[in-house]
Amino acid sequence: CEKDALDKNPLDKLSSGDFWKSQQDFDMALTAIYGEMQNGMFSVGAPNWDVLTDNGYGQHSYWGSQAIVQGNISPTSGGYISDVYGSSYKGIARINIFLEQLNNFQGDEIDSATKSKYEGEAMFMRGFYYFQLYSNYGSVPIVTEPLTLENQIQPKAPENEVLARSLADLDTAIANLSSELYADNGGHVVKSSAQALKLRVLLFAAYGDTGTADSGIMTQARDLALEIMGAGYELSENFEDVFRDGTQEGNPEIIFSIKFLAPDNSTSMDQWYGDWVVISPLQNLVDAFDPLDPRLDKTIYADEVNFDGNIHNPSNGLPTGYGVKKFLSPSLMPYGYSTQSQQDWVLLRYADVLLMYAEAQNELVGPDQSVYDAITAIRDRAGMLDITVGLTKDQMREIIRYERRIELAFEGLRYYDLKRWRIAEEVLNNISDGVLDYTFEERFYHWPLPQSEIDKSQGVLEQNPDY
Amino acid sequence: NTYAENTSLTLNLENTVQQHQVGGAITDADGTPLPGANIVEKGTANGVTADFDGNFSISVASENATLIISYIGFATKEIALNGQTSISVNLAEDAAGLDEVVVVGFGTQKKVNLTGSVATVDGETLTKRPVTNAASMLQGQVAGLRIVQDTGEPGNEGLSIRIRGQGTFSNAGSNPLVLIDGVDGNLSDLNPNDIDNISVLKDAASASIYGSRAANGVILVTTKSGKAGEFTVEYNVNTAIHTPTKLFDVISNSAEYMELWNEARTNTGITTGHYPQSEIDLYRNATDRTLYPNADWLDIMFNPAFVQSHNIGISGGKEETHYKLSLGYVDQPGVMKGFNYKKFNARLNLGSKINDFIKVGANIGLKKGNLSRPRQGSNDLFLSTMSQAPTYLPKLPDGRYSYKAYDFESNNKNPLALVENEALRTIIDYSVNVQGWADVNLTKSINWYSKAAIVGDFEKWKDWRPAVPLYNYRTGEFATDLDVGGRGLQVNNSQNIFTNIFTYLKFEDEVVDGHNLTAQVGYSEESNKEEYLRGYRRDYAGNNLRELDAGSPAVQNANGSTYEWALKSFFGRLGYNFKDRYLLELNMRYDGSSRLHKDSRWGAFPSISAAWRLSEESFMKNGRMDWLNSLKIRGSYGELGNQNIGNYPYQDILGLTGNYSFNNANLSSGAAQTALSNQNITWETTTITDIGLDMTVFNGLSLTFDWYRKTTSDILRGSQVTGLVGLDAPTINNGTMQNTGIELNLQYRNNVRSGVFEGLNYNAGFTIDRFKNELTEFGEREIGGNTIKEEGRSWETFYMLEWAGIFQTQAEVDAAPKQFNDNTGPGDLIYKDQNGDNVIDDKDRTFIDGQYPDFEYAMNFNANWKNFDLSLFFQGVEGRSIYVSDWGTIPFVQGSPPTTDWRGRWTEDNPSTTMPKIYWGFNAPDKVRRTSSYFLQDASYLRLKNISIGYNLPNSLIEKIKLKKLRIYLSGDNLLTFTNYPGLDPERGGSGRFVNYPQNKIYSLGLNVQF
């Protein structure tokens, strides 16, 4: 009797020993892997990556953006500098535990096809996290199995191995996943999702430290892009439909999105961008839009949010006079703390694939018809005139880069683009209309690893150069 | 036995026939009369008080009665009359209170025979202050007991109670164990008028009988009991005016605000959202201040509050039963709109003697609290108030609620709209503390005591978040809905049931001549179950129906859970005392906890203590040292445990987390391991060594001194896991924290025996304590926002850039080390180059003292003369710093008006060396917002906590209206403060936002009546 009174166990949590026994358990664990992708930095907060660039200014300095913009980047900076590292390994740990349990599962309940599909989905996510680590830090430790207190200290792997890890995981995903279109697969990741992500990784790797495209990687990228282009995706009829709740489900352009559902799984997207003005577009971006480009009004608002005369006046000031309109929900106005948003975060979409194809093909063979076709498709959909014919390869490169900035504005890709093209110093150090003074140094192409990780590693983890 | 009773005349209402008249005089050893001495017939409630000349007259039942003569500061004497009708009595001074008995763990002990470090406070001292929370009243009363009251918010004062510093850095926490009549309880739930006395057990020797629950010391509260034979009705009433001790002084002139706004935005590089000069002029020249107001939002939201409290106490007893019944009521609105607290207390303490051996009784305490406050708390409402511009009033002239005068303005929620639309959390909580006990004298020297108790807390809160439209102040156009943090109604019911039974046997006797022995063994069982159930519906048709069923079921959710813990304990005590000179005590507790794995569940916590009363030795009593009235040295050593680290710290569990909607229609449940687990955790151990001295000299000056070292090891903390693990850290036993300190308490009492102030009794006290906190074992350093955790330093030592002035010229900037990548210019902050590398960066952060005060001190002075009484109480904290941020620091944070000291900001024409150039709010550049000592404020203070002056109406007068006592008094709290702290009140919990619900300055008038 005495023992019973002192034996108390949680009444609302599962014991690890009783879990991993059925397919339902694995479904729940896989769900949690998707759920982890909702991390604000990678989903609803992803537009904030653009405040590190010439696109915008972040008045609230989310994830320490202001220090990064001003070049005050150190191992103790915190914000993105430490959070990308921590969040990526957190996601990886969840996947590694899942994969180990999946591998050890002996029952008949999960057939090998299902097992393979589960593995592919998890590998897609792991490839994503290693890409975050690779693109932001370069060389980091590679962890592919659950760690314990005993083996928690690991040395860094060279940058190319981190890249290889990301690509290998994505290859596993491509091999294991369904060939259906994303819209037809119940919200689960598909083969083409992994292909599109791999395409993004390849394009980052292609320019190396020089900014000159490697033709081997570009060939691989171009071929991969062609495969995706043959899968059946098409541009959404309306540009804005891609970003709005109600027109996202089944949208033929979306290749992978991170989903949300109000009220219990809602986000602050409308509040952040529509009311708090977390991101303030800079004048130079507004000026970059063709005044006739309908995407300007669909991407940026001036002074107030205005959907067909339905107006919301943001509670926080507009330091530059502008705010981000692209992801806002017209039906949820007025925005505020009470607003429960549920638009999905579109991580991969077909327009990006077309632009990536155009970029790779232009670098490989120059502006052939297929490059023109890809650009034209995007501009047509936007309601813009076709571009001039007879462009040189260099001119076409500028057109593609311009089109990426406009079409993909605030989708969190601008910082990644500036870095991979190796033009971050040139672009960022010449911004004249920023609220902040921009400083980008060569060494920032690789961020420092968090000092707390160096401190805890007993000398094993080495800091990146120049920090 | 206090000054308040000295002048009271106790009448026997039962008025039985008295035949024998006895008279006499009471004096001290020098023959000076002792007016107010108490004379009581032994075994009855029959008593009188000596008059102004020390004379008395009393009727007693028998010529052989015994009289008990007592007077504060003197040894009580018993005089057998043996037929005498006139006696004169000399009382010997006894500042040490030889007979004073102190409540200790599971029993009482004569104060002179204590071997551990125990301090006591009596109930009358506590209730001198017109505050409503019993814990606040303990502030400054005991050396080594530090009470920090964060705010003056009604019913939510944010009190931190620490005995001898922060004991650990784990989640087990540093809160002392509070026992009310021996059972776990909450000081805030008590009616302070019900407190008879409080004992604070500071060292391991006195606390170790509570073992694993006593690592941070113990506060023992004993409630008042009725006294046999005496029937008294008491009524106390206090009415008070509360005002904030201090508020920000902000610029509320709109034109000035607008100009500063433009200047700050220009300095920040923001070219949009400036006030046009024409608009500024409109405000400057306006005559219609409704259209163009200079709104002072602090004035709108803060107003004096009228607070009242009433207490009725009925006590007495007949034959073998005694009782004490009390009722209390406090109505405390806040000085800030939107806050209100009402507290109702009832208590019945009952004891009955069944026969010569057995006593039984019950203590029943009930409390009901009605609290309402904004659901996001006082800090949020205060910062929202701060964030409003003076250019508009809370309401448009037609009564609609406002939102800005200009669209480009910045603000937070309209605080008045929030309060008036009742977007509040209303909390009703009941607390019940029911105890039954039996006390059996098995033999003359063996006593068996048992108690069973249930403490129930039942709380219900409702969060109401209505839809409130807001309109532009000038255009009247709809602007937005009030931000109430969501929408709809959330209702939460929770309860916590704690049960405790304990029983012990105690032997106490003089076994051989001069050799006294005490032996005690006992067993205790505690269990706790906490449950909550919460429901939510979002959509309501209007703002009137505020129940869940009145909302639409379309969007709703429910949550709930249950948590449990249990503890079993064996305890014992062995005491030896030789002729009251040599004292030795051993204590032991053996605890088993549900929070630990069964293999490491049980822990033993022993202690030993000894004392030597030198003044009892013959060589000290030979007359040459007659200035020395008493002297005792004592020492103790012992171990205590702590396991208060969440309910299930070792279990290997999966979290139900990571829910995800694959189809945008249904939410799928996720499950994941989120933390590493470690079954091999055991008790956190606190070891305390204490050396103390108690001394009384010159018949009036008493001194208590303690030195201690308190070391907590095997701290139950999260392991320092690397980010690669990707999971939360397991709980492990690792780390050591040490507090070393001294405490001094001086008391002096005297009375004036001749001259104009003949009959003046007074006493004065002074306490001071200081300690040093050190993290002696931690692992890798951890750097936080403005602090560092590093071995060899105090826990969370301030760690930041050192502010070194203001740049005056560009040449000065150019000559100085480059500060980060900032575009530093004249008027900006200078940071100190700590490492001399001619660059200012994160490596120039340095360690700054002030997280822990150098010392805390308190002084009190009490006097009574004729029918008047006076008391003063000062409390101070020296050497403490607080890091403040946001609203009130940088101007225009969310539009908040600058404080008036920004009129002295740096400009080219005003080369300030203390105030930098003005920048705009959250957009202010990092160069002026970096974590630096610019924001670290000296929060040292000395404060007249309380002054009260009372007058007892003369007996001759009140007897006519059948009263025993009628005292009227004026009392003031927090009237005077000496501090350098800017802005608000230096008395606050710690670092954080500059805005903090203010402390109260209280003027009160009260009445004590006894029937």
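In what follows, chains are A, B, ... by sequence order, proteins preceding strands, each numbered from 1. Note that the structure is a prediction, hence the values are computed from the model and not measured.
Only the side chain of A:Glu453 comes within less than 4.5 Å of a heavy atom in chain B; its backbone stays farther off. Residue contact with chain A, scored on non-hydrogen atoms closer than 4.5 Å, is absent for B:Asp728. Only the side chain of B:Lys404 has a heavy atom closer than 4.5 Å to any heavy atom of chain A. Heavy atoms of A:Gln248 lying under 4.5 Å from chain B are absent altogether. For A:Pro75, no part lies under 4.5 angstrom from a heavy atom of chain B. Heavy atoms closer than 4.5 Å to chain A are found in both the backbone and the side chain of B:Arg781. Only the side chain of B:Arg845 comes within contact range of chain A, judged by heavy atoms closer than 4.5 Å. Residue contact with chain A, scored on non-hydrogen atoms closer than 4.5 Å, involves the side chain of B:Leu676 exclusively. Only the backbone of A:Ser257 comes within contact range of chain B, with heavy atoms under 4.5 Å apart. Looking at B:Ser677, neither its backbone nor its side chain comes within 4.5 Å of chain A, counting heavy atoms on both sides. B:Glu409 touches chain A through its backbone: at least one of N, CA, C or O sits under 4.5 Å from a heavy atom, while the side chain does not. Contact annotation for A:Gln271: neither backbone nor side-chain heavy atoms come within less than 4.5 Å of a heavy atom of chain B. With a 4.5 angstrom heavy-atom cutoff, B:Asn647 does not touch chain A via any of its atoms. If you measure heavy-atom distances from B:Gln376 to chain A, the contacts under 4.5 Å come from the side chain alone. Contact annotation for B:Leu596: neither backbone nor side-chain heavy atoms come within less than 4.5 Å of a heavy atom of chain A. Contact of A:Pro319 with chain B is made through backbone and side chain together, with heavy-atom distances under 4.5 Å. Contact of B:Ala665 with chain A is made through the backbone alone, with heavy-atom distances under 4.5 Å.
Counting only N and O atoms by type, the side chains of B:Asn659 and A:Asp264 include no donor and acceptor under 3.5 Å apart. Side chains of A:Gln70 and B:Asp926: a donor on one and an acceptor on the other come within 3.5 Å. For the 3.5 Å distance criterion, the side chains of B:Ser661 and A:Asn265 fail to qualify, holding no donor opposite an acceptor.
Listed here is the closest heavy atom pair of A:Thr148 and B:Val725: O-CG2, 4.3 Å. B:Gly726 and A:Ala93 get closest at one heavy-atom pair: CA-CB, 3.7 Å. Minimum heavy-atom separation, A:Ala5 to B:Ala566: O-CB, 3.4 Å. Across all their heavy atoms, B:Leu724 and A:Tyr85 have their closest contact at CD2-OH, 3.6 Å.
Using a 4.5 Å heavy-atom cutoff, the side chains of A:Pro334 and B:Phe478 are in contact. Proximity of B:Thr722 to A:Ile153: side-chain heavy atoms (C-beta onward) are separated by under 4.5 Å at one or more points. Annotation: side chain of A:Glu36 is not in contact with side chain of B:Thr657 (no heavy-atom distance under 4.5 Å). Contact annotation: the side chain of B:Gln651 approaches that of A:Pro10 to within less than 4.5 Å [non-hydrogen atoms, C-beta and beyond]. Side-chain atoms of A:Asn72 and B:Gln819, non-hydrogen and from C-beta on, never get closer than 4.5 Å to each other. Contact check for B:Tyr648 versus A:Lys8: side-chain heavy atoms found under the 4.5 Å cut-off. Between A:Leu149 and B:Ser719, the closest side-chain pair of non-hydrogen atoms falls below 4.5 Å. Using a 4.5 Å heavy-atom cutoff, the side chains of A:Leu6 and B:Lys598 are not in contact.
Under the side chain to side chain contact (heavy atoms under 4.5 Å, CB included) test applied with A:Tyr337, the options B:Asp481, B:Asp483, B:Val484 reduce to a single match, B:Asp483. Checking each of A:Leu261, A:Asn185, A:Thr31 against B:Phe662 for a side chain to side chain contact (heavy atoms under 4.5 Å, CB included) leaves exactly one that passes, namely A:Thr31.
Ranking A:Ser315, A:Gly35, A:Ser82, A:Gly17 against chain B, the residue ahead of the rest is A:Ser315, based on heavy-atom pairs under 4.5 Å. Of the listed residues B:Ser668, B:Ala467, B:Ser669, the one with more heavy-atom pairs under 4.5 angstrom with chain A than any other is B:Ser669. Options A:Gln152, A:Met37, A:His60 differ in how many heavy-atom pairs under 4.5 Å they form with chain B, and the most are formed by A:Gln152. Most heavy-atom pairs under 4.5 Å with chain A, from the set B:Gly560, B:Gly486, B:Gly269, B:Gly895: that is B:Gly486. With respect to chain B, the highest number of heavy-atom pairs below 4.5 Å among A:His188, A:Gln59, A:Arg94, A:Gln154 belongs to A:His188. For chain B, the option among A:Ala29, A:Gly336, A:Gly86 with the highest count of heavy-atom pairs below 4.5 Å is A:Ala29. Ranked by heavy-atom pairs under 4.5 Å with chain A, the first of B:Asn557, B:Asn411, B:Leu727, B:Val721 is B:Val721. Most heavy-atom pairs under 4.5 Å with chain B: of the set A:Thr320, A:Leu436, A:Asn96, this distinction falls to A:Thr320. Of all the listed residues (B:Asp652, B:Thr480, B:Ile270), the one sharing the greatest number of non-hydrogen pairs under 4.5 Å with chain A is B:Asp652. Heavy-atom pairs under 4.5 Å with chain A were tallied for B:Gly655, B:Gly485, B:Ala479; the largest tally goes to B:Gly485. Note: A:Asp437 leads A:Asp437, A:Val435, A:Leu461, A:Val143 in heavy-atom pairs under 4.5 Å with chain B.
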Note to self: Pair A:Ile454, B:Glu780 - check side-chain contact (heavy atoms from CB on, under 4.5 Å), show working.
What the structure shows: CA-CA 10 Å; A:Ile454 305 285; B:Glu780 297 304 327; over 6 Å; no

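Checked by atom type and distance alone, the side chain of B:Arg465 never pairs as donor or acceptor with a backbone atom of A:Ser338 at under 3.5 Å. Looking at B:Asn821, its side chain does come within 3.5 Å of a backbone N or O of A:Gly71 through a donor-acceptor pair.
Atom NZ of B:Lys818 is surrounded by more than 12 heavy atoms from other residues, nucleotides or ligands within 6.0 Å. Under a cut-off of 6.0 angstrom, the local environment of CZ in A:Phe19 is crowded, with over 12 non-hydrogen atoms contributed by other residues, nucleotides or ligands. Crowding of A:Glu304 atom CD: a count of heavy atoms from other residues, nucleotides or ligands under 6.0 Å exceeding 12.
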